[in-house]
Every structure is written in structure tokens, then in C-alpha cells.
Amino acid sequence: MISSAQSDPGCRICGGNTLPHLLNVRGHNLHRCSNCGFVQVTNAPSATELEAIYREAYFGHSKYQDQATLRAENQRRLGLLRQYVGGGGQVLEAGCGDGSFLYEAKPYYKMQGFDLAPAGVNLARAKNPDIAQQIWVSPLETLDLPNAYFDAICLWDVIEHIWNPRMVADHLLCALKPGGLLLLSTPNIDTVIARLMGKRWAFMTPPEHLSFFSQASIHQLFVNQLQAELVAWSSRGKRANLGFILYKLRRVFPMLPAFIPRLFEIRLLASLAIYVPSGDVQYVVIRKR
Ligand SMILES: [Zn+2]
């Protein structure tokens, strides 16, 4: 189990000891490893903070709000999965949220999924009654998975929420068959927009996000530390609706008048999907050797 304990003195990816201070975001300190470029929040959030983040409202009013945008994103993820993994395989989604991706992928694969948040799992089961038995509540960190069982594991926008990504990634690789694939998406901190925006970058939301990767630190984790093979890497923009963009803006600028996000709860406005060509989301495919 991941210790909820306090600051780890070294880099949680490569073990490096030189980690100059990078940012303080609303009281949370972040340090960047000089060796591998990984950026980590220094102090682990408390159980109370985590509970506050992932309670029901997280699935109702934030990124899960607009189904059309979510569907477009899930289609992109499914396209990536189908490009690399033959139909009919055993696929696990770690951090399945409200079950939207399970819904899109289940015609093609034997899907299973789990999530830390009971509120998410309840939604996921309601959306997927046919595979409700294969959807369960668990934190990633204490998960008990069979060895060498899955053809693929998907980790969509999850690894940035993890305190110790190295331990979790190692565990997930163990659950893959030899040659099995880990597919993930995560914000890319080594982009122009992230550098320009600093603490106002849309993904800079500690303690919701605790681990920030670049292409170099992804390589460090999976190739150097865990001896896996990096099959594909790309950094792309994101499709987002105005409601989500305003939700993010409000996290970054709490002084924004509350009525502005509320305007976008009007369905039509909220569902206007915009492609944001920020290039700050990485899509990565890793093969277990
Ligand atoms: Zn490092």
C-alpha cells in the first residue's frame, strides 16, 4: 500500500535526490527531478482531502458533465486500443470513472474496470448492467490482480492522480501477459502551454493531480526503471466543452463570478465541443517484455 506518509525525500520515479522547488500551487509544493524531469507534489494528501475530491460531485459536474465530448474522447482512446490490441482480448480499465469507456469498448473486448470512487462505480454499473459483475471499487494502490492475465490495461487520465506511479505501473505490468500492452493518457508538463501557464495550467490541480510527466520521465519510468518497451508516444490537444473549460478556469481563478460557469450549465452551451490544440496530453503505448 502506498504510504499516505509525508514527503518522500527522493524522486518517486528514478530515486534521484536533486529536486529543486518548482512551484507552490495553493499551498502545495511541487519539485522537479533534475535527473528525469518528473514533477511531484511533495506532501501526500490526507484521506479527508482525497474523499473531498472524489465524492459524487466530481462525476456530476466536472469533466463527466458532457456526454458528447466524453464520447469523442473515448472514441479516440478506443481507436488507439483497436490499433494495437486484437478483438476479444481481456482488457482492464484502471480508474474507470463513470464507465463511459467500458461502454464504448465492450463490443470489442472482454472488459473489466475498477475505480477508487464508489460514486463512479455506481454510475459505471448502471451504464453497463451486462458487465456489472466485472466493475468494482478499489484504490489502484492496494489492488490485487492476477499475474499475467490481461492482454491490455488502460489508464486514461489516471496516473497523474497517483502518489507513487512507479509502484502502480510495476503492479499493472505484472498483471499483463508477456507482450501485453499498457495504454495511458496523461498531461504533458513539458509543453509550451504548461511552461507559459505555470501554476495556472489547466492540469496544475494539486492535490487532485500529484504526478506530472514529460516524454522524458515516461521513458525513464517505463523503459529505464521497469524494462518495458515504449511502442508509441504522441502529445495532442484535447476536445473539451465550454462547461469543462469553465470548470477548470474556476479551479484556477476562484474569483471568477459563480454565475459564469452556471451559464454553461445550459445544455446547449455546455455541450459546444471545442478542440483545444494545446498538445499537452500524452498518449502512450507500452509493451511488457
Ligand atoms: Zn527522477
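If you're wondering where the values come from, they're calculated on a predicted model, not measured in any experiment.
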For [X] versus [Y], what's the shortest heavy-atom pair and its separation?
{"X": "T191", "Y": "S235", "result": "CG2-OG, 4.4 Å"}
{"X": "E93", "Y": "L102", "result": "OE1-CG, 3.6 Å"}
{"X": "P207", "Y": "H28", "result": "CD-NE2, 3.4 Å"}
{"X": "A124", "Y": "C96", "result": "CB-SG, 4.3 Å"}
{"X": "A169", "Y": "L226", "result": "CB-CD1, 3.7 Å"}
{"X": "V41", "Y": "P206", "result": "CG2-CB, 3.8 Å"}

Open item on the list: Could you work out, with salt bridge (Lys or Arg N to Asp or Glu O under 4.0 Å) as the rule, every residue matching R125, not counting sequence neighbours?
Closed with: none
Min side-chain heavy-atom separation [X]-[Y] under 4.5 Å:
{"X": "L22", "Y": "H31", "value": "no"}
{"X": "L230", "Y": "V284", "value": "yes"}
{"X": "E141", "Y": "N164", "value": "no"}
{"X": "H209", "Y": "H161", "value": "yes"}
{"X": "E73", "Y": "R77", "value": "yes"}
{"X": "N35", "Y": "C11", "value": "no"}
{"X": "K127", "Y": "S100", "value": "yes"}

Under 4.5 Å between side-chain heavy atoms, counting indirect links through other Ile/Leu/Val/Met/Phe/Trp/Tyr residues: same cluster for [X] and [Y] or not?
{"X": "W163", "Y": "V39", "value": "yes"}
{"X": "M197", "Y": "V25", "value": "yes"}
{"X": "Y103", "Y": "L70", "value": "no"}

Tell me whether [X] contacts the main-chain N or O of [Y] through its side chain, where contact means a donor paired with an acceptor under 3.5 Å.
{"X": "H21", "Y": "L23", "result": "yes"}
{"X": "K199", "Y": "M204", "result": "no"}
{"X": "D115", "Y": "V121", "result": "no"}
{"X": "K110", "Y": "G88", "result": "yes"}
{"X": "R236", "Y": "Y283", "result": "no"}

Task: Single hit among L176, I159, V231, V285 for side-chain contact (heavy atoms from CB on, under 4.5 Å) with L182 - done: L176
Hey, could you give me the [atom1]/[atom2] distance between [X] and [Y], rounded to the nearest 0.5 Å?
{"X": "N29", "Y": "N43", "atom1": "CG", "atom2": "CG", "result": "7.0 Å"}
{"X": "Q75", "Y": "L80", "atom1": "CD", "atom2": "CG", "result": "12.5 Å"}
{"X": "R289", "Y": "L173", "atom1": "CZ", "atom2": "CG", "result": "11.5 Å"}
{"X": "I13", "Y": "Q40", "atom1": "CD1", "atom2": "CD", "result": "8.0 Å"}
{"X": "E229", "Y": "R287", "atom1": "CD", "atom2": "CZ", "result": "5.0 Å"}
{"X": "K106", "Y": "D130", "atom1": "NZ", "atom2": "CG", "result": "3.5 Å"}

Distance-only donor-acceptor pairs under 3.5 Å for side chains of residues 143-155, two or more places apart:
residue: Y149; atom: OH; partner: Q90; partner atom: NE2; Å: 3.3
residue: D151; atom: OD1; partner: K177; partner atom: NZ; Å: 2.9
residue: D151; atom: OD2; partner: Q90; partner atom: N; Å: 2.8
residue: D151; atom: OD2; partner: K177; partner atom: NZ; Å: 3.3

- [ ] Quick one: which residue pairs count as a ring-ring contact (aromatic ring centres under 6.0 Å, His included) with a foot in residues 104-133, not counting sequence neighbours?
- [x]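 Every pair satisfying ring-ring contact (aromatic ring centres under 6.0 Å, His included) with a residue in residues 104-133: F114-W136.
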Table please: side-chain donor-acceptor pairs of residues 217-224 below 3.5 Å, with sequence neighbours left out.
residue: S217; atom: OG; partner: S214; partner atom: N; Å: 2.8
residue: S217; atom: OG; partner: S214; partner atom: O; Å: 3.3
residue: S217; atom: OG; partner: S214; partner atom: OG; Å: 3.2
residue: Q220; atom: OE1; partner: Q225; partner atom: NE2; Å: 2.6

Open item on the list: Please check if the number of heavy atoms outside Q133 that lie under 6.0 Å from its CD is greater than 12.
Closed with: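 No, CD of Q133 has 12 or fewer neighbouring heavy atoms, counting only those of other groups under 6.0 Å.
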TODO: Would you please classify the geometry between the W156 ring and the F101 ring as parallel, tilted or perpendicular, with 30° and 60° separating the classes?
DONE: perpendicular
- [ ] Please name all residues satisfying side chain to side chain donor-acceptor pair (under 3.5 Å) with T186, sequence neighbours left out, ordered by chain then number.
- [x] E160
Task: Partners meeting side chain to side chain donor-acceptor pair (under 3.5 Å) with K288 (sequence neighbours left out) - done: none
- [ ] Assert yes or no for the condition that the ring centre distance of F38 to F213 is strictly below 6.0 Å.
- [x]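 Close enough - the centres of the two rings lie under 6.0 Å apart.
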TODO: Establish, from distance only, whether the side-chain atoms of Q215 and Q282 form a donor-acceptor pair under 3.5 Å.
DONE: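 There is no such pair between these side chains.
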- [ ] Return yes if a side-chain donor-acceptor contact under 3.5 Å exists between N188 and D280, otherwise no.
- [x] no
Task: Worked check of side-chain contact (heavy atoms from CB on, under 4.5 Å) between R71 and E104 - done: CA-CA 8 Å; R71 181 139 201 274; E104 300 291 337; 2.8 Å; yes
Open item on the list: So that I can tick it off, tell me whether R32 and D190 are bridged by a salt bridge, with the cut-off set at under 4.0 angstrom between side-chain N and carboxylate O.
Closed with: no
